[in-house]
2 protein chains.
Amino acid sequence: MRLSTKGRYAVTAMLDLALNGTQGPVTLADISENQGISLSYLEQLFAALRSKGLVRGVRGPGGGYYLGRDSDEISIADIICAVDEWVEYTRCKRGSQTAHEGQRCLTHSLWDDLSEQIFDFLTDISLHDLVKRGEIREAARLEKKAAAAQVVGLKDQAA
Amino acid sequence: MRLSTKGRYAVTAMLDLALNGTQGPVTLADISENQGISLSYLEQLFAALRSKGLVRGVRGPGGGYYLGRDSDEISIADIICAVDEWVEYTRCKRGSQTAHEGQRCLTHSLWDDLSEQIFDFLTDISLHDLVKRGEIREAARLEKKAAAAQVVGLKDQAA
DNA sequence: GCAGTACCCTACAAAAACAGTCAAGTTTTT
DNA sequence: AAAAACTTGACTGTTTTTGTAGGGTACTGC
């Protein structure tokens, strides 16, 4: 498992798509402006996402990108794996059993366990989950704001 | 949160220290051989770990490194943060409320949520936990092996 | 004093991240 | 039907990060 800015860019871009793609395709130019990512870099990321079937491109005017499948069928791990290449971690060979090799193999397998746990964690979270969670939090925020406004005797003017 | 090979190197090196540091300090040369990391790079990593108090160096012949505190007081997140610089993620300003800025801010906060969850996850796992888990798994493996040997009527000769 | 070790520094090679430019394909408009 | 407008898709170049190499000095046990 690997977690870089590249993966972050890909996830936030996909979030953008999930949020704005309900009414027609979203252009990379829009995402570029929204997210502050260069257009050319987005193109590279979406090439990888497209090859994994996570997005679907539509050419011509009015074109852009759709999600490749429903947002609850796309996990965060899917997205990160698509752009981050996931070099299958170098396994130690069975044969070489020197003290050093054994030690290395042990620490490697301990790390692999950890890595797999993070991966499972991200596999269980879908794009839809993230969006939903954001909506819930936003609703809570607004409610809290309204409540606070009521407490101080205002109507809807709170910062 | 950020998860790179640098962080992995640091964690495996610290695991090495936790496993072998019970009887005297461990030299970087040993870790270099064990883990297959260059001495030069290890020095850089350990400089960062030392500045955060995660390891303690002992000079002179017979010297090396100890863990800075008990292995159950050192979390994986501690180690990764020490070497990976953790650039505090660029927050969006409150003032600018254009449509684009708003959109960016929303996706950023969604990512931040996720990132924080991973961070919490790694904060809850200590070096000691990882080592212990490895021991348990190793014990289970040996037991299984012994059981399998018994089934096929052997004593302790199974591969 | 000598040898082994941490500790500090600069330079450097390779790879990955990131950005600029252009060609190719689609659809709308004339 | 042809041109124009738009957007993907691929290629090339620049900057940043990784990781290595090799020097040196300070400290410490023998």
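Chain letters run A, B, ... following the sequence lines, proteins first, then strands; residues in each count from 1.
Within the structure, a side-chain polar atom (N or O) of B:Ser38 is placed less than 4.0 Å from OP1 or OP2 of D:dT20. Within the structure, every side-chain polar atom (N or O) of A:Thr5 is placed at least 4.0 Å from both OP1 and OP2 of C:dA17. Phosphate contact (OP1/OP2 of C:dA17, side-chain N/O of A:Arg2, threshold under 4.0 Å): present. When the side-chain nitrogen and oxygen atoms of A:Arg59 are compared with OP1 and OP2 of C:dT27, none of them lie within a distance under 4.0 Å.
The nearest whole Å value for the distance from the CG atom in B:Asp30 to the C1' atom in C:dA6 is 14 Å. Between the P atom of D:dT18 and the CG atom of B:Leu3 lies a distance of 12 Å, rounded to the nearest Å. At whole-Å resolution of the value, CG in A:Leu42 and P in D:dG9 are 13 Å apart. Here D:dC11 presents its P atom at 18 Å from OH of A:Tyr41, a figure rounded to the nearest Å. For the pair B:Leu49 CG and C:dA6 P, the interatomic distance rounds to 14 Å; values are reported in whole Å. If you measure from atom CD of B:Gln35 to atom P of D:dT20, you get 13 Å, rounded to the nearest angstrom. Between the CZ atom of B:Phe46 and the P atom of C:dC9 there is a distance of 19 Å, given to the nearest Å. Here the P atom of nucleotide D:dT7 and the CD1 atom of A:Ile31 are 12 Å apart, to the nearest Å.
At the heavy-atom level, B:Leu28 lies under 4.0 Å from the strands shown only through sugar-phosphate atoms.
Each of C:dA16, D:dG9, C:dA6 was ranked by its minimum atom distance to the side chain of B:Tyr65; first place goes to C:dA6. Relative to the side chain of A:Ser4, the nucleotides D:dT20, C:dA17, D:dT18 differ in distance, and C:dA17 lies closest. Side-chain proximity of A:Gln44 to the nucleotides C:dA19, D:dT8, C:dT5 is greatest for C:dA19.
The pair A:Asp78-A:Arg69 counts as a salt bridge, with a side-chain nitrogen and a carboxylate oxygen less than 4.0 angstrom apart. In this structure, B:Arg137 pairs ionically with A:Asp113, as a charged nitrogen and a carboxylate oxygen lie closer than 4.0 Å.
In terms of position on DNA chain D, the residue among A:Ala47 and A:Pro61 whose nearest nucleotide sits closer to the 5' end is A:Pro61.
Between the base of C:dG20 and the side chain of A:Ser40 there is a donor-acceptor pair shorter than 3.5 Å. For A:Glu43 and D:dA10, a side-chain-to-base donor-acceptor distance below 3.5 Å is present, hydrogens and geometry of angles not being considered.
Looking only at distances, no side-chain donor or acceptor of A:Ser32 sits under 3.5 Å from a matching main-chain atom of A:Leu28. Of the possible donor and acceptor atoms, one in the side chain of B:Asp129 sits under 3.5 Å from a partner among the backbone N and O of B:Ser126.
Closest of all the heavy-atom pairs between A:Gly7 and A:Asp84 is N-OD2, 4.2 Å.
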